[in-house]
Amino acid sequence: MAQIRKSFIMGAAAVALVAGSATAASAAGTGIHSGSATGPLFTGNVQASLLGTASVTTSLGGGSCNQSTMTGSVNSDGTGVKITGASFTNNPGPSCPGGGGSVAVSAQGLPWTGGNVTYDSAHTGGRDASMTIAGFKVKAVASILGGITCYYGGSVTANGFNADNASRPVTTVSQAEIQLNNVTVNVQSGGSFLCPSTATVSATYQLLGESSPGSGTYNQQLWVESS
């Protein structure tokens, strides 16, 4: 039974790949810019791409997933964060390994709405901002025993770093980054009683803006500053 439950920890990773703690934040005093810290204000579509791997641990074990992309949109004052697309896979894959098997993860109930980006004038822990995503939910189906299902979701917040911040998690990438650092996420109702109730997640994403509305090309460097 312990091995069965270990297989579900990657579902928790998928829940929180671009998120963090369960603390909501106000977006007052926030300005999102493109190109530089003093560039034009940016309102539009964004894309988050996983850097490295997302790792998850529970009291029963751990696992990892190495490919994920999310797309969505945000307003220039940090309000209106919306996630419209999300994928979670592994190379080789597509399912992510964990606990003696694999788990296939899929987004549920898109779009996820009600989030925000908030400039952090205190630069807590070296960050420049926080990013909250609300209303998200994923389904995780384990490969063992014919497929057992878990659901994870909630409202979570990640740390945000500008491209020139020496404290950003991946210094070899000169883009805005968002990070989860040992964040706890919770299981949701509707799945098996074998699902772990909590998991601890660590992951880092780079964040880019769309070059022009509807182009599908994400190459705009983004910055979060005070308004």
Side-chain angles (χ1 to χ4, degrees), residues 7-20 44-56 62-74 80-99 101-115 117 131-143 147-158 160 169-170 173 175-180 183 185-188 190-191 195 199 201-211 213-220 222:
S7 295
F8 290 108
I9 59 177
M10 285 315 304
V15 169
L17 284 172
V18 292
N45 295 328
V46 295
Q47 181 181 77
S49 303
L50 182 66
L51 297 173
T53 60
S55 63
V56 184
S64 65
C65 205
N66 63 23
Q67 291 184 330
S68 178
T69 301
M70 291 191 179
T71 53
S73 59
V74 64
V81 169
K82 176 170 66 174
I83 304 300
T84 55
S87 64
F88 313 96
T89 58
N90 199 72
N91 185 21
S95 298
C96 300
S102 62
V103 59
V105 180
S106 58
Q108 303 289 294
L110 292 168
W112 303 331
T113 61
V117 175
M131 179 177 178
T132 299
I133 296 176
F136 62 84
K137 186 177 183 180
V138 298
K139 176 182 179 181
V141 180
S143 62
I148 300 175
T149 300
C150 290
Y151 294 92
Y152 292 91
S155 177
V156 289
T157 302
V170 183
V173 174
Q175 302 294 347
E177 296 177 13
I178 49 180
Q179 181 195 46
L180 303 87
V183 171
V185 293
N186 298 313
V187 70
Q188 303 294 298
C195 304
V201 183
S202 296
T204 300
Y205 275 69
Q206 73 171 11
L207 189 66
L208 288 166
E210 193 175 27
S211 60
S215 69
T217 299
Y218 295 90
N219 59 11
Q220 292 295 300
L222 299 179

From Q220 atom CD to N45 atom CG, the distance as rounded to the nearest 0.5 Å: 12.0 Å
What is the minimum heavy-atom distance between Y151 and V187, and which atoms define it? O-CG2, 3.4 Å
Testing the basics here: between T204 and L50, what is the closest heavy-atom pair and its distance to 0.1 Å? O-CD1, 3.4 Å
Which residues share a side-chain contact (heavy atoms from CB on, under 4.5 Å) with A134, sequence neighbours left out: S155
Smallest separation among heavy atoms of W112 and K137, with atom names: CZ2-O, 3.2 Å
For the residue pair S68 and F88, what are the closest heavy atoms and their distance? OG-CD2, 3.2 Å
Going from CE on M70 to OG on S87, what distance comes out if it is rounded to the nearest 0.5 angstrom? 8.0 Å
Going from CD1 on I133 to OG1 on T157, what distance comes out if it is rounded to the nearest 0.5 angstrom? 9.0 Å
Under the side-chain contact (heavy atoms from CB on, under 4.5 Å) test, which residues partner L208, sequence neighbours left out? Q175, Q206, Y218
If the condition is side chain to side chain donor-acceptor pair (under 3.5 Å), which residues does S73 pass it with, not counting sequence neighbours? none
Can you name the side-chain contact (heavy atoms from CB on, under 4.5 Å) partners of S215, sequence neighbours left out? E210, S211, S212, T217
Checking N66 now: which residues fulfil side chain to side chain donor-acceptor pair (under 3.5 Å) with it, not counting sequence neighbours? N90
Looking only at heavy atoms, which two atoms of L110 and G85 are closest? And how far apart? CD1-CA, 4.0 Å
If every non-hydrogen atom of A158 is compared with every non-hydrogen atom of I178, which pair is closest and at what distance? CB-CB, 4.5 Å
In this structure, CD of Q67 is separated from OG of S49 (nearest 0.5 Å) by 10.5 Å
